[in-house]
Amino acid sequence: MAIRVYNTMTRTKEAFVPRDPEKVAMYVCGPTVYNHIHIGNARTFLTFDIIRRYLTWRGYDVTFVQNITDVDDKIINRAAEQGIPAIELAETFTAAFRSAMAELGIEKPSRQPMATQTIPQMIGMVERLIATGHAYEVDGDVYFSVRSFPGYGKLSGRDIDDLESGSRVEVDTRKNDPLDFALWKTAKPGEPRWPSPWGEGRPGWHLECSVMSEEELGLPFDIHGGASDLIFPHHENELAQSEAATGETFVKYWLHGGLLQVNAEKMSKSLGNFMLLKDVLAVYPTPVVRLFMMQTHYRSPLEFSTDRLDEARTAYERVAGPLRDLEIAKRSRARERVAGDDGTGVWVTRLTKAIADCRARFTEDMDDDFNTAGALAAVFGLVREMNAFIWEGPGIGAHGENLPLLERAAAGIKEPLAVLGIEIDAHPVRVAEYPEEVMQLAADYAGYAGSDSSEAVDALRKARDVARSERNWSVADGMRDRLQELGFVVEDKPDGTHITYGR
RNA sequence: GGCGACGUCGCCAAGUGGUAAGGCAGAGGCCUGCAAAGCCUCUAUCCCCGGUUCGAAUCCGGGCGUCGCCUCCA
């Protein structure tokens, strides 16, 4: 079974055959560091994090390169507004970007080159382009000549003449052609600058990706990724520069992610309808945000809303449920269920099959252009079967004899989710977060006199089981009400009271 | 105006030729002292109109609608 990917260049799904049978070289456009990234930007980085993790899981040795564009008009303008050096602004938001990525559970790139550390190589590429007639200098600026490259427009499916007929192309009489774009810009007073054969200046946008990807990965590399709004002009221009300069194919597979929308409109900084990633993560845990995004195919548009995130949180709880139940059961042998009277073999067969089915379907769907929505459905299928086994079937078994199978089921749920970077917190409680009031509760209801909140909760649990066994409903319900007021979730399962906190 | 994508259950969303995954919400049932959780059952013929085919949500043509790119943008 081969992996298939949708290649923007050909607009079809193609069999994925990397240049090296065991290795994958991929490059994903990183941020221009002039601000905090928003949740829409994060979606793209998440998409390619999943792709990278999956390819790794499938056995490829993946080299993942992501640039940081730390010199650009937007950075310069923003820094000027704040009256600080451009480099300082860039450093601030580079650090913010890295920590936000870490918080979202994005794996670190294999290498993360900075534009400002690659200036000599960029100058080298401009020189090559001038030497081969693909670029020309005008008063210290250097432009790429789009008409010198016959393939211009092949990635985005555009025709130079069609583009020119559009009225929005800015006319600059210094260019040979309105579509020609800057490779090198003369520095204005106060702007960052580097010496070059054309005077002091800085590189134009697009150039850094061409140079860094080639330097880090060599041509042609396997996967070039980014959001769909980068197809034109950014990736089209990268491609033109690189192929014109080297005469080689630039990239084997172009992958582009769909955009995040708000009210059916693209989320973007210029429209002002964005939410910063760090603000979203302050309210929703990482796995919930990731699950939310993985429920839609990466190439489709995705509507952002807190309602959607709330639903994802509920879905997350559904997945976490059986894993928690298993953890609780393991900790408390005294509360093991009595095994079902018969039919255990049927249940075992059924769950065993469900584990295998989940893995097979997960792989099949992910192989098909990283269909995370379908892959997730496979996981939910196993969640249902595990729940059924625990609560309708034999459960853990009178002597824990079904534990190994349940552990395998739990692993069958956790492993594919881990490939998607979704870590399930199966701990039934998070001790550090217990509210202090629980100590008083334990003293009141369970006579607990210690100082350990974890022991206090355990004492409450036992006290409530006793109250229930004595059919003392007023006490049992009172305890539940008080605990719920403190944020605990109290559930009476067949094996006794479950008390969890921090959902 | 040019190029491209999309339109599937109340909401979200997989599925690209063989008769519709999953999540959320809802209804009924089981379980339960009550509650919660869980399990079971139920709710779609796939924007509209034609065409191709033994057979289409899936292919082709037309229409309507939405979005993206053409300017910085993940």
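Residue numbers start from 1 in every chain, and the chains themselves are labelled A, B, ... in the order their sequence lines are given, proteins ahead of strands. From a predicted model like this one, the values you see are computed outputs, not experimental measurements. The figures here come from the full heavy-atom set of this structure, side chains too, leaving out hydrogens, waters and symmetry mates.
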Between [N] atom [atom2] and [X] atom [atom1], what is the distance in whole Å?
X      : N     : atom1 : atom2 : result
A:F389 : B:C31 : CZ    : P     : 22 Å
A:N263 : B:U66 : CG    : P     : 15 Å
A:N387 : B:C31 : CG    : P     : 19 Å
A:F304 : B:C12 : CZ    : P     : 16 Å
A:K266 : B:C72 : NZ    : P     : 11 Å
A:H297 : B:G22 : NE2   : P     : 20 Å
A:F380 : B:C24 : CZ    : P     : 6 Å
A:Q295 : B:A25 : CD    : P     : 12 Å

Determine the Euclidean distance between corresponding C1' atoms of B:G10 and B:A44; express it in Å to zero decimal places.
->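 11 Å, rounded to whole Å.
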Integer angstrom distance from the P of B:C49 to that of B:A37 | 42 Å
With a 4.0 Å cut-off on heavy atoms, is [X] in touch with a base, just the backbone sugar-phosphate, or nothing at all?
X      : answer
A:R384 : sugar-phosphate
A:R468 : base
A:D365 : nothing
A:Q261 : sugar-phosphate
A:L230 : sugar-phosphate
A:A373 : base
A:R158 : base
A:T296 : sugar-phosphate
A:R464 : base

Got a donor-acceptor pair under 3.5 Å from the side chain of [X] to the base of [N]?
X      : N     : result
A:D325 : B:G38 : no
A:D307 : B:C24 : no
A:E392 : B:G38 : yes
A:R480 : B:A35 : yes

Pairing partner (Watson-Crick or G-U wobble, both distances under 3.5 angstrom) of [N]:
N     : value
B:C69 : B:G2
B:U45 : none
B:C59 : B:G51
B:C34 : none
B:A20 : none

Let's see if you can work this out: which of [options] has an atom nearest to the side-chain heavy atoms of [X]?
X      : options             : answer
A:S300 : B:A14, B:C72, B:A74 : B:A14
A:R350 : B:G4, B:A36, B:C40  : B:C40
A:W391 : B:C39, B:A25, B:G38 : B:G38

Spatial distance of atom [atom1] ([X]) from atom [atom2] ([Y]) [nearest 0.5 Å]:
X      : Y      : atom1 : atom2 : answer
A:M275 : A:H36  : CE    : NE2   : 13.5 Å
A:R299 : A:N371 : CZ    : CG    : 9.5 Å
A:R147 : A:L179 : CZ    : CG    : 7.5 Å

Within the pair A:R318 and B:G38, is there a side-chain N or O less than 4.0 Å away from OP1 or OP2?
-> yes
Ring-on-base stacking B:A74 with A:F45 (under 5.5 Å, under 30°) | no
Side chains of residues 378-388 of chain A: which donor-acceptor pairs under 3.5 Å do they make with residues two or more places apart or in other chains?
residue: A:E385; atom: OE1; partner: A:R350; partner atom: NE; Å: 2.6
residue: A:E385; atom: OE1; partner: A:R350; partner atom: NH2; Å: 3.3
residue: A:N387; atom: ND2; partner: A:V383; partner atom: O; Å: 3.4

Apply ring pair (Phe, Tyr, Trp, His ring centres under 6.0 Å) to A:H206 and A:F181, showing your working.
-> CA-CA 9 Å; A:H206 319 307; A:F181 55 91; 5.3 Å; yes
Reference residue A:I39; test side-chain contact (heavy atoms from CB on, under 4.5 Å); the match among A:L46, A:L260, A:L104 =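 It is A:L260; the other options fail the test.
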